[in-house]
Every structure is written in C-alpha cells, then in structure tokens.
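In this text, all values refer to a predicted model and were calculated from it rather than measured experimentally.
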Amino acid sequence: MTEKTRTLGTDSPLNVSSMGLGCMGMSEFYGAADEASGLATIHRALDLGVTFLDTADMYGPFTNEQLVGRAIAGRRDEVQLATKFGNVRGPKGERLGISGTPEYVRQACDASLQRLGVDHIDLYYQHRVDPNVPIEDTVGAMAELVQTGKVRHLGLSEASAATIRRAHAVHPITALETEYSLFTRDLEDEILPTIRELGIGLVPYSPLGRGILTGRLTAESVAQEGDVRSSHYFPRFQGEALKANLRLVEHVKALAAAKGVTPGQIALAWVLAQGDDVAPIPGTKRVEYLEENAAARDIDLSADEVRALAEAVPRNAVMGDRYGDMLSIDNG
C-alpha cells in the first residue's frame, strides 16, 4: 500500500499527501463550472487525506483560487496549498502572455493570497517559464517571498533540465510540476534524472492523460460544449489520433480488469510506483471520481505489473503532441 504522505524536495522539504487534487477543472476547461460540486469534492478530499491541493491564478481566470479558498476556510492547517503564477490573463479570460518579471511575481503572489484568503502559500510555482526574463531574476523574486513569509516553498512547472539547474542554484526548488502519465513519459530522458540528482520532487499533472486513461472517454464525450479537449490545442483527442489512443487504452483496461481495479486506478498506481518523490495531482470536480482516484493509493503493483503497463502503452505509440502549440513549454 502506498504511504499516505510523501516528501517533495530535500533542500527545502515539503510533506504532502501522496496523491493530491488538481482543482482546475472545477472552474474551467472541462465543461461547465459547478461550484457546489467543487466545494463538495474538496471537502471530501480532505476527509480522505487528499490534502495537497493544486490551483493557479489563471484558472477561471481567478475564480478557482477563490473557490479553493472558500473550501479550505476553517481547515487551512490540514492543507498543503499550491498555486501558480506566470500565465497572464485578463478579467474576461483573454490570454496576455507569460510574465516572470520580479514586479509581476510580487503582484501575482499578493493577489493570490487575497483570493485564497490565506496568509501564506505552501508551494508557489512559476506556471510557465518566461523566455524574456532570466530565470535567476524570477526565482530571486520568488525567494524574496519566502523570506517575507508569504511563501514556504518554491516550484517550477514545465521547465527544462537546464532551467531547473539555474533556478535551483538561486534558491532550493522543492518540486517540479509537469505532465507525466502512461501517455506522456518524455521527461524520463533528461528532466527526471536532473531533478533526482538535485533532490527535487515531481508533481505529475494530468496523470490520467487528461481523462483518456480512465477508460470512460469517447469521441462523443470529448465533443461536449466547453471541453477544451475537442479543440485543436489537444492533438491527441482529434480524429485518427484519438482512435489510435483509445485502442491503447484497451490494453490498460485489460490489465486493470485482471487486477480487479479500474483503468484510472491502475494508471494512477503506475505513476505512484515511479518513486516516493512523486505526488500526482489528478483533477476532478466529482466526489465519485475523487473517491475512485484516492483508492489507487491502496493498490500494490509488482515490478512485472509496472513493466507490463509501460509496455502496454509504448512511448512512441501515443499519437499526437500533448499540446498543439508547444512554444510555451520551456526547452532551456
């Protein structure tokens, strides 16, 4: 059985629940927002010991942090709270680029603290690396937030190995948040060895491949109004690529059935089995799916089962880039 807590980082360690909760979809991107459902899901998560909550200022925009803040009111001490800055959006949702300027770092943190209704953020990530600002300047400003007590630990998201090294030299980086699942394993080549060398934890987002690994996804369900997966921004969910990727999921389904668990649970168990420095944050806005995901912590996979899952979804068999525009992904 997976330990219910894990430690991210060695130079600036943060103890978190072994599985977290991605809150983004409660406010945007995956169909209509449902505040009541989101609040209920977060409350149930805390009851189940899923206390590592992940949000960002851009989700909503802004409304997801407010939702999380309302949900944890009166229970702040139970929570390891992570949020992010860097993807700049306007009040109407317009995307205004990426900013990592020291001035923006300070402004964004103060705004997040206010929306969340807290006096500190446990883990503060740069959501995307600003190619026009030296990472040393951005992390230097983030380090000032630690010194003032507004932030406890620092993180990066979707940063390259070279950028991670430069950032870590300025201030200890506790965690890297990046996409990782049976469907996305490119970080195994360079990024994962780098963060392990430096003692930085891994927080995989989309550990269920944006839902495809649950086995519930169909071409019809992706096409629902308000679901960003239906857009060309996500090539893996388009046309022939989606058909090919759903065929890969059939292999995962078979292995899950043999284990007596759901496809999503075995996919999460695979991520959890990658190391005790890994704390995935599957997102959901429904209590029933949260409970299903949380139960994956109790699934033991043998080395043979871990290998069989990786072989069932070969890295080069997944069709389509994870984003239609990879320009925002730092390549060092």
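Under the 30°/60° scheme for interplanar angles, the aromatic rings of Tyr104 and Phe85 are found to be tilted.
Of the charged side-chain nitrogens involved, none lies within less than 4.0 Å of a carboxylate oxygen, so that Asp300 and Lys259 do not count as a salt-bridged pair. Looking at Lys84 and Asp54, a side-chain N of the basic residue comes within less than 4.0 Å of a carboxylate O on the acidic one, giving a salt bridge. Arg247 has no carboxylate O lying under 4.0 Å from a charged side-chain N of Glu250, or vice versa, which leaves the two without a salt bridge.
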Please test Lys285 against Asp34 for salt bridge (charged side-chain N to carboxylate O under 4.0 Å, His left out), starting from the C-alpha separation and ending with a verdict.
CA-CA 8 Å; Lys285 54 186 175 182; Asp34 184 339; over 6 Å; no
Before giving the answer on salt bridge (charged side-chain N to carboxylate O under 4.0 Å, His left out), spell out for Glu292 and Arg286 the whole-Å C-alpha distance, their side-chain angles and the decisive distance to 0.1 Å.
CA-CA 10 Å; Glu292 177 184 327; Arg286 300 185 188 182; over 6 Å; no
Hey, mind stepping through Met58 and Thr83 against side-chain contact (heavy atoms from CB on, under 4.5 Å) and telling me if it holds?
CA-CA 10 Å; Met58 74 161 285; Thr83 192; over 6 Å; no
Derivation and outcome, side-chain contact (heavy atoms from CB on, under 4.5 Å), residues Ile72 and Val118:
CA-CA 9 Å; Ile72 67 173; Val118 299; 4.1 Å; yes
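Remark: Lys253 NZ to Thr214 OG1 distance equals 8.5 Å, nearest 0.5 Å. Distance check: Leu48 CG to Arg297 CZ gives 6.5 Å after rounding to the nearest 0.5 Å. Rounded to the nearest 0.5 Å, atoms CG (Leu272) and CD1 (Ile299) are 9.0 Å apart. With rounding to the nearest 0.5 angstrom, the CG atom of Leu8 is 12.5 Å from the CD1 atom of Ile173. Considering CZ of Arg185 and CD of Gln274, their distance stands at 8.5 Å, rounded to 0.5 Å. Rounding to the nearest 0.5 Å places CG of Leu176 at 11.0 Å from CG of Asp277.
Here the side chains of Leu145 and His171 are not in contact, with every heavy-atom distance at 4.5 Å or above. Side-chain contact between Phe52 and Leu123 is present, with at least one heavy-atom pair separated by less than 4.5 Å. A 4.5 Å side-chain heavy-atom check between Val278 and Arg6 finds at least one atom pair inside the cut-off. Contact of the Thr178 side chain with the Leu202 side chain is registered, since non-hydrogen atoms from C-beta on lie closer than 4.5 Å. The shortest distance between side-chain heavy atoms of Val151 and Met142 does not fall below 4.5 Å. Using a 4.5 Å heavy-atom threshold, the side chains of Asn87 and Ile98 count as touching. Counting heavy atoms from C-beta outward, Ile266 and Leu301 have side chains that approach closer than 4.5 Å. The shortest distance between side-chain heavy atoms of Tyr289 and Thr41 does not fall below 4.5 Å.
Counted within 6.0 Å of CG on Asp276, heavy atoms from surrounding residues, nucleotides or ligands total 12 or fewer; the atom is thus considered open. Residue Arg152 qualifies as open at atom CZ: its count of foreign heavy atoms under 6.0 Å is 12 or below. Within 6.0 Å of CD on Gln114 lie no more than 12 heavy atoms contributed by other residues, nucleotides or ligands.
Nearest heavy-atom pair, Arg236 versus Met319, reported as atom, atom and distance to 0.1 Å: CG-O, 3.2 Å. Summarising the geometry of Gly20 relative to Pro282, their closest heavy-atom pair is O-CD, 3.6 Å, with the distance given to 0.1 Å. Counting all heavy atoms, side chain and backbone alike, Met26 lies closest to Leu67 at CB-CD2, 3.6 Å. Closest heavy-atom contact between Thr55 and Leu116: CG2-CD2, 4.3 Å. Residues Arg89 and Gly60 approach most closely at NH1-N, 4.2 Å, considering heavy atoms.
Here the side chain of Tyr125 pairs no donor or acceptor atom with the backbone of Glu177 at under 3.5 angstrom. Counting only distance, with no hydrogens or angles, the side chain of Glu94 and the backbone of Lys92 share a donor-acceptor pair below 3.5 Å. Although no hydrogens or angles enter the test, the distance criterion places a donor-acceptor pair under 3.5 Å between the side chain of Thr138 and the main chain of Gly100.
Linking Ile, Leu, Val, Met, Phe, Trp and Tyr whenever their side-chain heavy atoms come within less than 4.5 Å puts Leu213 and Leu246 in one cluster. Leu39 is connected to Leu290 through a chain of hydrophobic side-chain contacts under 4.5 Å among Ile, Leu, Val, Met, Phe, Trp and Tyr, so both are in one cluster.
Counting only N and O atoms by type, the side chains of Glu65 and Ser112 include a donor and acceptor under 3.5 Å apart.
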